[in-house]
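Hydrogens, waters and symmetry mates play no part in the numbers below; they use all other heavy atoms, side chains included. So you know, we letter chains A, B, ... as the sequences are listed, proteins then strands, and number each from 1.
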Amino acid sequence: MAEIEKIEIGMIVGPTASGKTAVSIALARRLNAEIISADSIQIYKGLDIGSAKPTVEEQAGIPHHLLDTIEIDAPKFSVAEYQKMAGECIADVHGRGKFPLVVGGTGLYVNALTYPLAFTAVASDPLLRQELTGLETASPGKLYEMLRALDPNSADRLHPNDIKRIIRALEVVKTTGNTIGEHGGDFSNEAKAEIPYNPQIAGLAMPREMLYARIEERVDAMMRLGLREEAEGIFKSGYSLDLPALQGLGYKQLFQYFRGECTIAQAVEAIKRETRRFAKRQITWFKRDPRIQWFDVTQYEGSEQLAENISIAWGKGSPVK
RNA sequence: GCCUCGGUAGCUCAGUUGGUAGAGCAAGGGACUGAAAAUCCCUGUGUCGGUGGUUCAAGUCCACUCUGAGGCA
């Protein structure tokens with residue numbers, strides 16, 4: 001039986017501020033790799049300081065893909081587009097004889113590459129979404145009732161208050177006549193569907209206290225680097241502040257300051273607090289993924305040593321001298 | 001030195017006529033199928049400053065004591 005040859009890829013995941021950037025550079029050097037970002041905010045142009053996007057110097061000559069790729073006001077960018085673009089990047093990098101190294105903290109994007117999720121089946125439908133939102137406003141609980149009738153499995157899975165996901169599930173079943181579960185694989189991959197990659201996933205972990213201290217330091221550093229000015233430029237540029245891109249940490253809180261709703265000190269505090277909560281959600285997400293091999297960064301001298309151990313774990317032990 | 005008001009969760013504070021404590025914020029846990037840095041769900045974590053006393057029973061009443069703030073000398 002002719003099996004399609006899978007592309008071998010490496011992945012580095014972990015919460016924000018866990019040191020993914022530095023390790024990925026060290027690892028890319030060892031493995032002759034190019035880096036493909038799995039970060040839902042760094043992919044936007046102009047969101048640089050606040051997204052902790054690696055600078056040109058930090059990229060250190062390693063080619064990075066899917067940074068600065070789309071406009072802040074690009075219509076309907078989503079995980080489906082990401083899945084497609086990342087797939088093309090991986091094929092391209094592999095085709096040029098280099099190792100694709102996916103690095104990022106957006107769990108859904110990581111899963112879009114490592115589970116056979118059939119996103120492409122149903123596009124989002126803004127008009128239908130608007131209509132459904134109107135229905136829910138007029139009579140709260142209505143949408144969950146509808147979902148219960150049309151797609152009981154999804155209704156079981158979702159909480160009645162999780163309107164966003166309820167709308168998406170309704171969108172799929174109303175547009176196609178099939179439920180969301182009938183469209184493809186899921187995270188548990190009970191369908192045993194195949195993905196075109198053979199991923200090895202390394203997770204970066206550290207004690208919670210240490211991670212929070214790093215977040216604190218990093219937010220202060222962002223402010224020194226000019227996060228306020230970056231956000232102010234966007235604030236004044238006329239973008240709708242409801243854009244998905246502008247829900248990113250740092251921007252949202254500074255917009256409140258620009259509107260006079262809080263002091264700059266309160267905005268910075270809020271950025272730190274929300275970033276901690278975000279990191280916690282990322283940890284929850286990655287923790288349940290049994291395929292991730294965890295590396296406690298405190299067990300290693302620095303990113304070079306950590307990169308060496310990851311490459312050994314991936315069966316690529318002998319380091320490039 | 002005297003007087004007054006405080007000391008209860010990580011923080012700010014509630015706490016009825018005595019019945020071994022509860023709000024907000026912070027925090028912790030979880031979910032996640034085309035917005036995912038989004039969205040949603042769950043959870044009180046406590047030597048009630050200390051020691052004695054009264055009482056069947058003390059965060060609550062009494063005495064002493066430590067400690068903070070203010071006032072008068």
Side-chain angles (χ1 to χ4, degrees), chain A residues 15-17 37-44 47 50-53 70 73-85 104-126 128-130 133 143-144 151 153-154 156-173 175-176 178-191 193 208-209 212 215 218-219 222 240 242-254 266 269-289:
Chain A
T16 186
S37 167
D39 186 299
S40 65
I41 300 293
Q42 291 182 1
I43 198 165
Y44 289 103
L47 305 183
S51 72
K53 190 181 293 172
I70 56 182
D73 59 352
K76 75 176 199 93
F77 180 79
S78 75
V79 61
E81 283 74 43
Y82 174 80
Q83 188 184 44
K84 185 163 176 289
M85 289 166 59
T106 302
L108 183 62
Y109 286 12
V110 169
N111 281 10
L113 298 177
T114 57
Y115 289 105
L117 302 181
F119 289 122
T120 46
V122 193
S124 69
D125 180 344
L128 180 60
R129 286 190 177 193
Q130 213 177 342
T133 305
L143 294 188
Y144 189 70
D151 180 359
N153 285 336
S154 291
D156 284 344
R157 189 168 56 81
L158 298 177
H159 190 278
N161 290 354
D162 201 350
I163 300 300
K164 262 191 188 183
R165 291 200 173 82
I166 292 172
I167 287 179
R168 170 60 187 162
L170 284 172
E171 182 174 68
V172 172
V173 73
T175 321
T176 67
N178 291 320
T179 67
I180 207 164
E182 289 164 346
H183 276 285
D186 53 35
F187 295 168
S188 58
N189 196 14
E190 282 163 9
R208 190 69 61 97
E209 253 179 36
Y212 283 4
I215 287 171
R218 190 157 84 166
V219 173
M222 285 175 176
S240 159
D242 297 331
L243 286 165
L246 301 184
Q247 304 313 305
L249 290 166
Y251 304 101
K252 197 165 43 173
Q253 291 78 16
L254 284 168
Q266 286 170 332
E269 267 321 296
I271 293 170
K272 291 174 179 173
R273 180 183 357 106
E274 293 307 320
T275 304
R276 270 181 250 131
R277 289 174 172 170
F278 170 51
K280 199 161 86 70
R281 275 179 268 133
Q282 289 176 300
I283 290 169
T284 298
W285 179 287
F286 290 124
K287 201 159 56 175
R288 76 164 175 176
D289 188 336

(Q) Checking side-chain polar atoms at under 3.5 Å, does A/Arg218 have a donor or acceptor matched by the opposite partner on A/Thr16? (A) yes
Query raised in the report: Cut-off 3.5 Å, side chains only: do A/Glu81 and A/Ser78 have a donor facing an acceptor?
Result: yes
Euclidean distance, atom [atom1] of residue [X] to atom [atom2] of [N] [Å, nearest integer]:
X: A/Ile163; N: B/A35; atom1: CD1; atom2: P; result: 15 Å
X: A/Asp39; N: B/A38; atom1: CG; atom2: P; result: 12 Å
X: A/Phe278; N: B/A27; atom1: CZ; atom2: C1'; result: 19 Å
X: A/Gln266; N: B/A26; atom1: CD; atom2: P; result: 13 Å
X: A/Gln247; N: B/A36; atom1: CD; atom2: P; result: 10 Å
X: A/Gln282; N: B/U39; atom1: CD; atom2: P; result: 15 Å
X: A/Ile41; N: B/A36; atom1: CD1; atom2: C1'; result: 9 Å
X: A/Ile43; N: B/A35; atom1: CD1; atom2: P; result: 14 Å

Are any of [X]'s side-chain N or O atoms less than 4.0 Å away from OP1 or OP2 of [N]?
X: A/Asn161; N: B/C41; answer: yes
X: A/Tyr109; N: B/A36; answer: yes
X: A/Arg168; N: B/A35; answer: no

Residues passing the side-chain hydrogen bond (donor to acceptor under 3.5 Å, both in side chains) test with A/Asp289, sequence neighbours excluded, are A/Arg291
For A/Asp39, the side-chain hydrogen bond (donor to acceptor under 3.5 Å, both in side chains) test, sequence neighbours excluded, returns none
Sorted by chain and residue number, the ring pair (Phe, Tyr, Trp, His ring centres under 6.0 Å) partners of A/Tyr44 (sequence neighbours excluded) come out as none
Among B/U33, B/A38, B/A35, the one nearest any side-chain atom of A/Lys252 is B/A38
Each base of RNA chain B marked ( ) or [ ] if paired in-strand (Watson-Crick or G-U under 3.5 Å), | if paired to another strand and . if unpaired gives (((((((..((((.....[..)))).(((((.......))))).....(((((..]....)))))))))))).
message = If you apply the rule side-chain contact (heavy atoms from CB on, under 4.5 Å), what do you find for A/Leu128 with A/Leu170, and how did you get there?
response = CA-CA 9 Å; A/Leu128 180 60; A/Leu170 284 172; over 6 Å; no
Heteroatom pairs (N/O) under 3.5 angstrom, protein to nucleotides 42-44 of chain B:
none

[N] to [M] separation - [atom1] atoms, rounded to the nearest Å:
N: B/C48; M: B/U8; atom1: P; answer: 11 Å
N: B/C13; M: B/G1; atom1: C1'; answer: 33 Å
N: B/G59; M: B/U47; atom1: C1'; answer: 13 Å
N: B/A26; M: B/A38; atom1: P; answer: 15 Å
N: B/A57; M: B/A14; atom1: C1'; answer: 23 Å
N: B/U12; M: B/U16; atom1: C1'; answer: 22 Å
N: B/G50; M: B/G44; atom1: P; answer: 25 Å
N: B/C25; M: B/C66; atom1: P; answer: 39 Å

- Using 30° and 60° as the class limits, which term best fits the ring planes of A/Phe77 and A/Tyr109: parallel, tilted or perpendicular? perpendicular
Could you tell me whether the side chain of [Y] reaches within less than 4.5 Å of the side chain of [X], counting heavy atoms only?
X: A/Arg208; Y: A/Ile283; result: yes
X: A/Thr133; Y: A/Leu143; result: no
X: A/Val219; Y: A/Leu249; result: no
X: A/Asn111; Y: A/Trp285; result: yes

| query | RNA chain B: A/Leu158 or A/Ser51, which has the more 5' nearest nucleotide? | reply |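 The answer here is A/Leu158.
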side-chain contact (heavy atoms from CB on, under 4.5 Å) evaluation trace for A/Glu269 with A/Gln253
CA-CA 9 Å; A/Glu269 267 321 296; A/Gln253 291 78 16; over 6 Å; no
Pick base, sugar-phosphate or nothing for [X], based on heavy-atom distances below 4.0 Å to the nucleic acid.
X: A/Gly50; value: base
X: A/Glu81; value: base
X: A/Tyr82; value: nothing

### Message
Treating A/Gln42 as the side-chain partner and A/Ala52 as the backbone partner, does any N or O pair qualify as donor plus acceptor under 3.5 Å?
### Response
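Checking the backbone N and O of A/Ala52 against the side chain of A/Gln42, a donor-acceptor pair under 3.5 Å is found.
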Close N or O pairs between protein and nucleotides 28-31 of chain B (under 3.5 Å):
residue : atom : partner  : partner atom : Å
B/G28   : OP1  : A/Arg208 : NH1          : 3.2
B/G28   : OP1  : A/Tyr212 : OH           : 2.8
B/G28   : OP2  : A/Tyr212 : OH           : 3.3
B/G29   : OP1  : A/Arg208 : NH2          : 3.2
B/G29   : OP2  : A/Arg208 : NH1          : 3.1
B/G29   : OP2  : A/Arg208 : NH2          : 3.3
B/G29   : N7   : A/Lys280 : NZ           : 2.7
B/G30   : OP1  : A/Lys287 : NZ           : 3.1
B/G30   : OP2  : A/Thr284 : OG1          : 3.4
B/G30   : OP2  : A/Lys287 : NZ           : 2.9

